[in-house]
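Okay, so here's the structure we're looking at.
When a ligand or atom number is given, it counts from 1 through the structure's own listing order. Keep in mind that what you see is a predicted model, and the values were worked out from it rather than measured.
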Amino acid sequence: MIFENIPVIKYEGAESKNPLAFKFYDPEKIVMGKPMKEYLPFAMAWWHNLGAAGTDMFGRDTADKSFGAEKGTMEHAKAKVDAGFEFMQKLGIKYFCFHDVDLVPEADDINETNRRIDELSDYILEKMQGTDIKCLWGTANMFSNPRYMNGAGSSNSADVFCFAAAQIKKALDTTVKLGGKGYVFWGGREGYETLLNTDMKFEQDNIARLMRYAVDYGRSIGFTGDFYIEPKPKEPMKHQYDFDAATAIAFLRQHGLDKDFKMNIEANHATLAGHTFQHDLRVSRINGMLGSVDANQGDYLLGWDTDEFPYDVYEVTMCMYEVIKAGGLTGGFNFDAKSRRPSYTVEDMFESYILGMDTFALGLIKAAKLIEDGRIDKFVEDRYASYKSGIGAKIVAGEASLAELAAYACEMGAPELPSSGKQERLEGVVNQILFA
Ligand code: XUL
Ligand code: CO
């Protein structure tokens, strides 16, 4: 056992003062006709939970993530598997997400890296047996190694493009081997630093080519899940092509990839794009492309991707509102989040996930209440009542012409002001649902 002093985390209810217990996440509790756990397929992010130890731009690690083995070795890679499975089992988490290089130390020779990935994925498969833990999604890290300084699909080097293809192939093989439901493209360096040296159209077409090669290969080896784009506007690049959900969806449609891809929406990426989390979820939902969520939150006072554990119940309630309206996720909620640097103990690893899971449970409960209450949905419905009959109904049916509408307007004279937006009343309803 690696986390000897940590018990299995149980639901103790809202009054509990035990830091190592759930206050709101009660997996069997029925919410809108389904057990909570079905609405909330949580996933552990291999990289943050088992890898990130607090290093930032100004200082080194604060946490010890060696798990009793020497870092950079296959023993350490296996110790991370042991730690990860014990961690997930103690919290009741059923999924994990990984990058290829989260699993094993990358070797100088890709053939050796691939051999290590095979060995480690065999070990993960063994660990999975007798548990109900599965892979949510896999991905290839095509942003850390210096070769990817100009991106992978967007690189000016065809050799780098091929190397990316090799990594994607292996990551897809491994995702399929581990029964993964999805495969993610996060284009961290798929963008530019300056247009002075950039052929934007060529780079975007090439990214689409790489995705098309990946889809064709994935389908040929029996991968039936969804591919995801995880939009992010910037960081590390000054401008990233998958800026936000609207941009990514238009890109997928332009290149005929929209049948194979959905969105993986990360809260902190949406806010970096100048949107709310809910906005990017809504854009994905109304386009039938809400697939999965990277569950975290940013800091509105900071302009970068802080990847904090979700705590903002307003934001998460509106997330769950979108998810319920979408009929649930085909993917899950991956905690792409890290404990703050001064929260460096083993207890902090668990308490971070407890916070995140409890926040989403609260968000689910409150979003269900908001929908059952019905005032907000009814208000929105009524707000467009002028399109239900008369000239409005004709507009919606596409049976009018511009000349007919103009004639209608000229006869009418100036229209009355539209009905009040009542934002403050609606915000009061949300507060009442959250706190009454
Ligand atoms: C980076 C980020 C990534 C992706 C996977 O901002 O979110 O960890 O989720 O590459
Ligand atoms: Co992410």
Check for me whether K78 meets the cation-pi criterion with Y123, that is, NZ or CZ under 6.0 Å from the six-membered ring centre and within 45 degrees of the ring axis. yes
Taking the N/O/S atoms of D294 one by one, which is nearest to the Co ion (ligand 2)? OD2
Tell me whether K23 is salt-bridged to E351, with the criterion being a basic N under 4.0 Å from an acidic carboxylate O. no
Parallel, tilted or perpendicular: rings of F251 and H255 (30°, 60°): tilted
Counting the benzene-type ring for Trp, do F96 and W46 have ring centres under 6.0 Å apart? yes
Measure the acute angle between the ring planes of F350 and F87, then classify it against the limits of 30° and 60° as parallel, tilted or perpendicular. tilted
Donor-acceptor pair, S284 side chain versus L290 backbone, under 3.5 Å? no
D336 backbone or side-chain N/O/S under 2.8 Å from the Co ion (ligand 2): yes
Do you know which N/O/S atom name in E266 is closest to the Co ion (ligand 2)? OE1
Ligand 1: protein N/O within less than 3.5 Å of ligand N/O:
residue: ligand 1; atom: 6 (O); partner: K232; partner atom: NZ; Å: 3.0
residue: ligand 1; atom: 6 (O); partner: H269; partner atom: NE2; Å: 2.9
residue: ligand 1; atom: 6 (O); partner: D305; partner atom: OD2; Å: 2.9
residue: ligand 1; atom: 7 (O); partner: E230; partner atom: OE2; Å: 2.7
residue: ligand 1; atom: 7 (O); partner: E266; partner atom: OE1; Å: 2.8
residue: ligand 1; atom: 7 (O); partner: H269; partner atom: NE2; Å: 3.3
residue: ligand 1; atom: 7 (O); partner: D336; partner atom: OD2; Å: 2.7
residue: ligand 1; atom: 8 (O); partner: W47; partner atom: NE1; Å: 3.4
residue: ligand 1; atom: 8 (O); partner: D336; partner atom: OD2; Å: 3.2
residue: ligand 1; atom: 9 (O); partner: E230; partner atom: OE1; Å: 2.7
residue: ligand 1; atom: 9 (O); partner: E230; partner atom: OE2; Å: 2.9
residue: ligand 1; atom: 9 (O); partner: D294; partner atom: OD2; Å: 3.0
residue: ligand 1; atom: 9 (O); partner: D336; partner atom: OD2; Å: 2.9
residue: ligand 1; atom: 10 (O); partner: H99; partner atom: NE2; Å: 2.6

Just give me the atom name: the N, O or S atom of E230 closest to the Co ion (ligand 2). OE2
What class does the angle between the rings of H99 and F143 fall in, given that below 30° is parallel, 30 to 60° is tilted and above 60° is perpendicular? perpendicular
Give the ring-plane orientation class for F227 versus F261, where under 30° counts as parallel, over 60° as perpendicular and anything between as tilted. tilted
